[in-house]
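For clarity, every value in this text was computed on a predicted model and none was experimentally measured.
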Amino acid sequence: MKMHPLPTTILMLLTVLLGSQSVNAESTNVQRVRQTLSETVAESEGAIAQLRAQGATGLTAFLQVYGGELATHNPHLLRVLDAICQQRDCEASRLFWYTDFAQARAAAQASGKPILSLRLLGQLDADLSCANSRFFRVALYPNVQVAQLLRDRFILHWQSLRPVPKVTIDFGDGRKLERTLTGNSIHYILDSDGNPVDALPGLYGPQAFLRHLQRAEQLVQHLQSLSAADRVTALGQFHQAQLATIQNQWATDLAQLGIPNPPRLVGTPIRQTTPPTAIAAAPIAYAKARVETPLLSAITPSSSPPSNGDR
């Protein structure tokens with residue numbers, strides 16, 4: 001059957017109609033962005049929820065309208081931005097985080113990107129989350145290279161495992177100091193189906209974090225090309241090789257420092273159904289325990305402080 005080209009006038013009309021729809025959608029989104037700053041709580045919360053439902057696109061829309069005003073540090077503007085990102089101090093990193101894992105996995109499957117899933121004590125959108133996550137918010141995620149990689153190559157998700165332990169010091173004159181106690185965090189790298197591939201526990205500097213993320217992304221891409229059985233074998237081989245590398249580096253570092261015998265490490269406790277107490281968990285992270293244990297012992301006098309060998 002011979003196909004006849006559409007008349008030029010019809011093509012022009014279709015172009016105008018499609019362009020008009022695009023302009024109307026963009027205008028609606030701009031209006032929605034402006035509603036996030038509404039003094040009416042219900043209207044503001046509704047607009048924020050609608051932008052979050054758009055994922056990273058909703059955050060981009062907000063930044064296109066108000067990005068230039070963030071430098072004024074308007075408290076209301078920053079609170080709304082944090083609510084859209086679901087991350088405290090989002091102005092520094094401008095990253096969108098899912099808090100619903102099903103939504104994060106759906107976004108990963110649609111984009112083909114791996115998932116970076118942060119598990120922490122407390123909440124990433126709260127000021128007093130665990131100390132590690134506060135470091136991530138102010139020193140790791142805002143790093144230009146880290147933020148760009150996370151924004152372009154990963155779907156971001158965080159989950160609070162339980163509230164972070166806190167202590168309040170009352171000075172008796174109206175002043176109070178509140179701070180967190182213990183707590184740790186871990187970044188899981190998951191494939192687009194939500195299967196774990198690697199894990200980065202504790203603190204990392206920006207360059208080390210970048211190296212691990214890039215390596216994990218390459219691993220995910222490699223695993224996707226394999227059959228299910230070969231994927232399991234390849235993943236096991238990868239982690240065996242990483243363990244050998246870590247052990248060799250550990251021995252090299254000790255030798256350079258002239259330490260003939262490695263420090264005694266605290267064994268990981270048997271898996272429990274309930275979280276351990278802060279004073280029981282502190283020695284697992286040896287370096288942090290040196291700072292945390294004195295305060296923990298002071299506020300739990302009935303407990304014997306854990307032994308760290310050379311205390």
Practice item. For this output row, return yes or no: ring centroids of Tyr188 and Trp158 closer than 6.0 angstrom. Key: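 Judged by ring-centre distance (under 6.0 Å), Tyr188 and Trp158 do not meet the cut-off.
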Check your understanding: What about the rings of Phe238 and His222, do their centers lie closer together than 6.0 Å?
Key ->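 Ring centroids of Phe238 and His222 are no less than 6.0 Å from each other.
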Identify whether [X] and [Y] are in the same connected component of the hydrophobic contact network (ILVMFWY, side-chain heavy atoms under 4.5 Å).
{"X": "Phe209", "Y": "Val138", "value": "no"}
{"X": "Leu223", "Y": "Leu116", "value": "yes"}
{"X": "Leu150", "Y": "Ile115", "value": "no"}
{"X": "Leu203", "Y": "Leu121", "value": "no"}
{"X": "Phe136", "Y": "Leu124", "value": "yes"}

Between [X] and [Y], do the side chains contain an N or O donor and an N or O acceptor separated by less than 3.5 Å?
{"X": "Ser117", "Y": "Arg119", "result": "yes"}
{"X": "Asp230", "Y": "Thr233", "result": "no"}
{"X": "Gln145", "Y": "Gln207", "result": "yes"}

**Study point:** Phe154: partners by ring-ring contact (aromatic ring centres under 6.0 Å, His included), with sequence neighbours left out
**Key:**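 Residues passing ring-ring contact (aromatic ring centres under 6.0 Å, His included) with Phe154: none at all.
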Is there a side-chain contact between [X] and [Y] (heavy atoms, below 4.5 Å)?
{"X": "Leu118", "Y": "Gln159", "answer": "no"}
{"X": "Arg34", "Y": "Val65", "answer": "yes"}
{"X": "Pro75", "Y": "Arg79", "answer": "yes"}
{"X": "Leu219", "Y": "Leu235", "answer": "yes"}
{"X": "Cys130", "Y": "Val164", "answer": "yes"}

Practice item. Report the relative orientation of the aromatic rings in Tyr98 and Phe96; use parallel for angles under 30°, tilted for 30 to 60°, perpendicular for over 60°. Key: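 Ring orientation of Tyr98 relative to Phe96: perpendicular.
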Any chance you could measure [X], atom [atom1], to [Y], atom [atom2], to the nearest 0.5 Å?
{"X": "Leu51", "Y": "Thr57", "atom1": "CG", "atom2": "OG1", "answer": "10.5 Å"}
{"X": "Ser129", "Y": "Leu120", "atom1": "OG", "atom2": "CG", "answer": "6.0 Å"}
{"X": "Leu128", "Y": "Gln123", "atom1": "CG", "atom2": "CD", "answer": "12.0 Å"}

Check whether any side-chain N or O of [X] sits under 3.5 Å from a backbone N or O of [Y] as a donor-acceptor pair, and report yes or no.
{"X": "Arg52", "Y": "Trp97", "result": "yes"}
{"X": "Ser44", "Y": "Val41", "result": "no"}
{"X": "Thr40", "Y": "Ala42", "result": "no"}
{"X": "Arg231", "Y": "Leu226", "result": "yes"}
{"X": "His239", "Y": "Val197", "result": "yes"}

Practice item. Run the salt-bridge test on Asp198 and Arg215 with the 4.0 Å N-O cut-off and return the result as yes or no. Key: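 Salt bridge flag = yes for Arg215 with Asp198.
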Check your understanding: With the threshold set at 4.0 Å, does a side-chain nitrogen-carboxylate oxygen contact exist between Asp89 and Arg137?
Key ->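 Looking at Asp89 and Arg137, the cut-off is met.
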Review point. Which residues satisfy the side chain to side chain contact (heavy atoms under 4.5 Å, CB included) test with Gln109, sequence neighbours excluded?
Key: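 If we apply the side chain to side chain contact (heavy atoms under 4.5 Å, CB included) test to Gln109, skipping adjacent residues, the hits are Arg105, Asp193.
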